[in-house]
Amino acid sequence: MPSTIDAQAVQNATLRESHNPARISRSAGSAAYHLSVNDFHWFGIGESGKVFVVFIGTFFPILLSTIAGAKGVDPVLLHAGQVFGCTTRLSLFRRVVVPAALPNIVVGLRVAFGTGWAAIIAAELVAAHSGLGYLIANGMDILRADQVLVGMIAIGVLGFLFDTFFRYLQAHYGRAAR
Amino acid sequence: MNARATTGKPLSISGLTKTYDTRTGERVDALGPVSIEVAAGEFLVVVGPSGCGKSTLLQILAGFMKPTDGGASVAGEPIVDPSLDRSMIFQSYALFPWLSVLDNVQFGLRSKSIPREEQRSIALQHLQLVGLQDFADKSIDELSGGMKQRVAIARAFAVNPSILLMDEPFGALDALTRRFLQRELLRIWQERQRTVVFITHSVTEAIYLADRILVMSSRPGQIRKEWRLDSPRPRDLNADEHRRLETEIYSLLDEEVTKTFTWTS
């Protein structure tokens with residue numbers, strides 16, 4: 001049956017991939033983590049797995065808040081835009097819809113940053129050979145509490161700084177459109 | 001009156017009707033048929049019970065909405081789309097909160113082929129016209145309701161329209177601000193002489209402002225009666241003739257409002 005053959009082929013490819021020397025060279029400890037998480041297993045320990053996880057974690061909050069922002073534009077502002085010279089849909093979009101939706105988009109970015117940041121650390125904890133998450137995971141493996149603590153503090157401080165940046169964006173571009 | 005030539009254009013509305021399809025598939029006649037001739041530079045005020053289709057009428061004149069039947073034209077040119085030539089003042093101000101006061105007034109000028117510097121000076125000039133020149137760099141959120149509507153008036157006049165459409169522009173303001181802005185609007189209109197179509201619920205406002213008052217019937221809105229006013233401005237609303245007119249219009253409106261309520265019950 002073709003479907004069985006396909007499944008077999010996929011399994012073979014996965015096996016080949018998981019015996020790739022580059023992957024086996026990782027520390028034995030975190031290999032246990034990464035084998036337990038299927039998604040990471042598929043993507044290996046390179047950048048692509050992390051990119052995928054961050055994408056899943058950030059894409060939808062941004063998409064949904066952008067849609068909500070664009071749909072929530074006060075119709076009277078659209079009328080005002082049309083009266084005052086936005087004769088094409090594109091110019092109405094650029095001059096009214098985008099700036100009116102911006103507060104919502106910035107909120108989406110801020111939320112997405114939170115989930116994205118958490119996701120990338122989690123990805124590094126289970127399947128990576130660099131990064132703050134890996135630093136913690138590795139510190140746990142080799143009983144380096146100082147390394148673990150530094151990783152935790154750095155994650156907190158960086159997260160706070162990024163959020164401060166997004167709050168700045170919100171204050172400047174997030175003026176609530178009534 | 002001003003020596004400047006009239007820059008308003010005549011507005012002609014003929015056999016205009018609007019029918020909506022409701023969600024249940026029924027057809028609701030909202031407006032008309034309505035035929036109105038507005039002379040160039042005339043201040044026309046339309047009064048009617050709520051739901052009589054006067055906002056629909058204005059939306060059609062602005063070009064936001066197509067009539068079901070009939071049409072409207074400005075100096076012979078049919079209205080199909082919104083245009084800078086038909087400026088509008090909205091009840092809810094409809095200012096762009098992400099722009100400064102000056103940028104709001106300048107918004108409509110950006111699509112005209114005028115150099116940036118000149119746009120700025122035209123916008124400033126119009127802010128001066130409404131007495132807000134010192135607020136040019138303020139954000140919209142910092143203004144009171146009356147000031148917002150003054151910015152909207154400046155924005156509407158800045159694009160040099162021949163027709164001004166006003167949809168209950170002072171409806172959301174307190175009585176004092178309202179009186180002040182009525183005076184301001186008259187002053188600017190007398191200076192510029194644009195054709196104005198002004199919609200309101202307030203009979204006294206209509207008497208204070210209008211060259212001609214149209215009273216609309218309840219749905220589907222049609223012209224019930226019209227009055228021409230030629231008493232000089234500023235008008236004393238306590239003068240006998242105005243008092244009489246007010247009573248007359250109110251009794252007609254009361255009739256129409258009663259109809260609305262007996263229909264819906």
Side-chain angles (χ1 to χ4, degrees), chain A residues 61-113 162-178, chain B residues 55 58-65 79-100 103-114 119 123 139-143 145 148 151-152 154-161 163-169 172:
Chain A
I62 295 176
L63 177 73
L64 291 178
S65 64
T66 303
I67 290 174
K71 279 195 172 167
V73 177
D74 188 348
V76 83
L77 288 183
L78 297 178
H79 279 164
Q82 284 177 293
V83 165
F84 293 105
C86 299
T87 45
T88 62
R89 289 176 71 86
L90 181 68
S91 70
L92 191 66
F93 178 75
R94 263 202 355 229
R95 297 185 66 197
V96 179
V97 176
V98 171
L102 208 55
N104 272 299
I105 296 174
V106 174
V107 168
L109 285 175
R110 208 175 149 190
V111 171
F113 170 75
F162 276 115
D163 195 57
T164 307
F165 170 70
F166 280 108
R167 258 182 300 165
Y168 166 85
L169 276 188
Q170 219 172 358
H172 281 256
Y173 300 101
R175 199 177 295 156
R178 285 176 314 100
Chain B
S55 285
L58 214 65
Q59 300 237 325
I60 293 171
L61 294 183
F64 301 146
M65 199 187 265
I79 293 171
V80 277
D81 286 316
S83 145
L84 282 177
D85 197 40
R86 276 170 279 118
S87 206
M88 194 154 180
I89 297 175
F90 302 84
Q91 180 176 8
S92 54
Y93 323 123
L95 298 171
F96 305 113
W98 57 89
L99 297 176
S100 71
D103 287 339
N104 263 283
V105 180
Q106 209 175 320
F107 188 95
L109 297 165
R110 287 213 2 219
S111 47
K112 293 191 165 195
S113 45
I114 309 173
Q119 288 179 15
S139 99
I140 296 302
D141 301 334
E142 296 172 79
L143 305 183
K148 282 180 188 161
V151 174
R155 176 176 69 172
F157 276 98
V159 294
N160 198 20
I163 308 238
L164 261 171
L165 306 170
M166 305 197 194
D167 191 3
E168 296 179 40

Check each atom of [X] against the heavy atoms of chain A and say whether the ones under 4.5 Å are side chain, backbone, both or neither.
X: B/Q91; answer: neither
X: B/F107; answer: both
X: B/R86; answer: backbone

Heavy-atom closest pair, residues [X] and [Y]:
X: A/G85; Y: B/S111; value: CA-OG, 3.3 Å
X: A/V83; Y: B/L84; value: O-CD2, 3.4 Å
X: B/P82; Y: A/Q82; value: CB-O, 3.7 Å
X: A/L77; Y: B/P97; value: CD1-CD, 4.3 Å

Residues forming a ring-ring contact (aromatic ring centres under 6.0 Å, His included) with A/F162, sequence neighbours excluded: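 Partners of A/F162 by the ring-ring contact (aromatic ring centres under 6.0 Å, His included) criterion, ordered by chain and then number, come out as A/F113.
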B/S87 side chain near A/F84 side chain, heavy-atom distance below 4.5 Å: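 Side-chain contact under 4.5 Å: yes.
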Note, A/V76 side chain near B/Y93 side chain (heavy atom, < 4.5 Å):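 Result no, sub-4.5 Å side-chain heavy-atom pair not found.
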Proximal to chain B - members of residues 86-97 of chain A, heavy-atom separation under 4.5 Å: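 A/C86, A/R95, A/V96, listed by number.
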